[in-house]
Number of protein chains: 2
Amino acid sequence: MPNTLDYIHKTITSIIEVNNDEWNYFSGLFEVKELKKKEILLHADTICKNIYFVNSGLLRIYFTDNNGRESSFHFVPEHDFATDYESFLQQTPSKYFIQALEDTQVVIISNNMVLDGFKKLRYGEKLGRKLTEKYFILYCKKIQALYTQTPLDRYREMNKLFPFVLQRVPQHYIASYLNISSVHLSRLKNE
Amino acid sequence: MPNTLDYIHKTITSIIEVNNDEWNYFSGLFEVKELKKKEILLHADTICKNIYFVNSGLLRIYFTDNNGRESSFHFVPEHDFATDYESFLQQTPSKYFIQALEDTQVVIISNNMVLDGFKKLRYGEKLGRKLTEKYFILYCKKIQALYTQTPLDRYREMNKLFPFVLQRVPQHYIASYLNISSVHLSRLKNE
DNA sequence: CAGAGGCAATAACATTTGTTATCAAATTGA
DNA sequence: TCAATTTGATAACAAATGTTATTGCCTCTG
C-alpha cells in the first residue's frame with residue numbers, strides 16, 4: 001500500500017543507497033505536517049530547525065526588505081526539499097519566510113535526524129554534501145542570472161526550469177522572484 | 001625572520017588550531033606564484049585546481065556574459081583566500097576569471113593538499129567547513145543585496161565592507177560589481 | 001619627456017523599469 | 001450563491017539607468 005513516506009524514500013534513494021535496516025530505523029522518526037494555503041512554515045528571525053520534504057502542494061521561500069516588500073527567493077513543489085540552509089546549518093536566525101501557496105503536506109526532517117543520519121547512514125555524509133552542493137549551485141546560478149540576464153531572459157529561463165510555477169503561482173510572486181514589478185512582468189509577457 | 005608563509009599561517013591558525021608537526025608537514029608543500037598586474041590566474045572554462053592565498057597585491061574575480069561584458073564578482077586583497085569554490089569542489093569547468101589588479105604574490109594550495117589536509121590536520125574538516133560557510137554566506141548576502149538594495153545602498157555597503165577596494169580599483173570595475181554602468185556610478189557619487 | 005592609452009566626469013538622449021490608478025475577470029469564502 | 005477579495009491587464013506618467021560621445025587628466029611605457 002502506498003504510504004506517506006514513499007516519495008521521500010524514492011527521492012533519497014535516488015541520491016544515495018539506503019538499505020532496509022537503515023530505512024526502518026529512520027522511517028519511524030519522520031513527522032508529517034499539514035499546512036493550509038497561506039500558512040507560514042518558517043518565520044523570519046526564528047531558527048530554521050528542520051528540512052522539509054514536500055509530499056504534496058507548493059511552498060514559497062521569500063524574504064522582506066526594510067520597507068516590508070517581499071522578494072520571492074524560491075518555489076518548492078511536491079517531491080523536493082525546502083529549508084533555509086544557511087539558518088539550518090548554523091542554527092542562526094533566518095532571514096526567510098517559508099509559506100504554503102497551496103494546501104501542503106510536508107515531511108519534517110529535524111536537525112537531530114540529520115545529525116543522526118550522518119552517523120547511522122552509510123552514505124549520510126554524502127547525502128548532506130549533495131544537498132549542500134545543490135543549494136550552493138542554486139545560489140551561484142541565481143547570482144549569475146541577476147548579473148548577466150535581462151528580466152525577460154530570466155522569465156524565459158524560469159519557464160524552462162520551473163514550468164509548474166507559472167501555472168500555479170500568482171503573477172506578482174513571479175515578478176518578485178524575477179526582481180521586477182508585476183506591471184513590468186505583465187508588459188514583458190506581451191512580446 | 002619573516003617568511004612567505006607567515007600570513008597564511010596566521011590566517012589559518014585564526015580559524016583552527018594547528019600544531020608544529022602539522023605545520024611542518026604542510027608548510028613544505030605550498031607553492032608560491034608571482035603575478036604581474038593584469039595577469040590571469042584562473043581562466044573561465046578551465047577547472048579551478050587550487051585555492052589561492054593572497055600574500056600581497058589584489059585579485060579580482062569576474063565573469064563574462066554572452067556579449068563579452070564583464071561582471072566583477074569579488075575582490076580579494078592581501079591576507080585572504082581566493083578561488084572558484086564551485087569549480088574547485090566539483091572539479092568542473094569554471095565560469096570565472098581570476099585576475100591580478102596589481103602585482104600580486106599568491107600562495108597556492110592545491111586540491112591534493114586540501115584533501116590531504118582533511119586527513120592529516122586534526123581540524124582539517126573544520127577548516128574546510130568554515131571556508132565553505134564563508135563562501136556560502138558571501139553568496140547569500142550578495143543575493144539579498146541584489147534583491148533588496150538600490151545601487152546606491154550597495155555602493156555604501158561596499159565602502160564599509162571593502163574600504164580598500166575603492167582606493168585601489170578602477171571605478172568601472174566597481175560599477176560592474178554593483179551591476180550598474182560606470183556612468184551611473186559616477187552620477188551616484190555626486191549625492 | 002612625449003605620445004598612447006586608460007580613466008573619470010559630464011551632457012544629451014534613449015530605454016528600461018517603477019508607480020499609481022482603474023477596470024474587468026476570476027477566485028474565494030461565508 | 002453572492003459579496004468581497006485577489007488577480008492581471010492597461011494607461012499615463014515618473015524615476016532610474018543605460019548609451020554614446022566628448023573632454024581633460026592621469027599613467028604608463030618606450
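Chain identifiers are assigned alphabetically (A, B, ...) following the order of the sequence lines, protein sequences preceding nucleic acid strands; residue numbering begins at 1 within each chain.
Nucleotide C:dT28 holds its C1' atom 13 Å from the CG atom of A:D103, rounded to whole Å. The nearest whole Å value for the distance from the CG atom in A:D153 to the P atom in C:dT17 is 10 Å. What separates NZ of B:K38 from P of C:dG6 is a distance of 7 Å, to the nearest Å. Separating the CG atom of B:L146 from the C1' atom of D:dT17 is a distance of 15 Å, rounded to the nearest angstrom. Atom CG of A:L188 is separated from atom C1' of C:dG18 by 12 Å (rounded to the nearest Å). The nearest whole Å value for the distance from the CD atom in B:E102 to the C1' atom in D:dC28 is 15 Å.
Nearest nucleotide to the B:V183 side chain, out of D:dA9, C:dA11, D:dT10: C:dA11. When distances are taken from the side chain of B:I180 to each of D:dG18, D:dA9, C:dC7, the shortest belongs to D:dG18. Counting only heavy atoms from C-beta on, A:H184 has its side chain closest to C:dT17 among C:dT17, D:dG18, D:dC28. Minimum atom distance to the side chain of B:S181 is reached by D:dT19, of the listed D:dT19, D:dC28, C:dG18. Comparing C:dC7, D:dA9, C:dA9 by their closest approach to the side chain of B:Q171 singles out C:dA9. Counting only heavy atoms from C-beta on, A:H172 has its side chain closest to D:dT7 among D:dT19, D:dT7, D:dA9.
Clustering ILVMFWY residues whenever any of their side-chain heavy atoms sit less than 4.5 angstrom apart, transitively, puts B:V18 in the very cluster that holds B:V107.
Closest-nucleotide positions on DNA chain D for A:L185 and B:L152 were compared, and the one nearer the 5' end corresponds to A:L185. For the pair B:T150 and B:K37, nearest-nucleotide mapping onto DNA chain D gives the more 5' position to B:T150.
Contact annotation: B:N190 reaches the phosphate of C:dT10 (side-chain N/O to OP1 or OP2, under 4.0 Å). Using a 4.0 Å cut-off, some side-chain N or O of B:K189 falls inside it from OP1 or OP2 of C:dA9.
Residues A:K38 and A:D103 are not paired through a salt bridge, judged by the lack of any N-O separation under 4.0 Å between the basic side chain and the carboxylate.
Put simply, the side chain of B:R187 and the base of D:dG18 share a donor and an acceptor less than 3.5 Å apart.
In this model, a donor atom of one side chain and an acceptor atom of the other lie less than 3.5 Å apart for B:K189 and B:Q171.
By the 6.0 Å and 45° rule, B:K142 stacks over the aromatic ring of B:F73.
Scanning for salt bridge (charged side-chain N to carboxylate O under 4.0 Å, His left out) contacts around A:E133 gives A:R129, with sequence neighbours left out.
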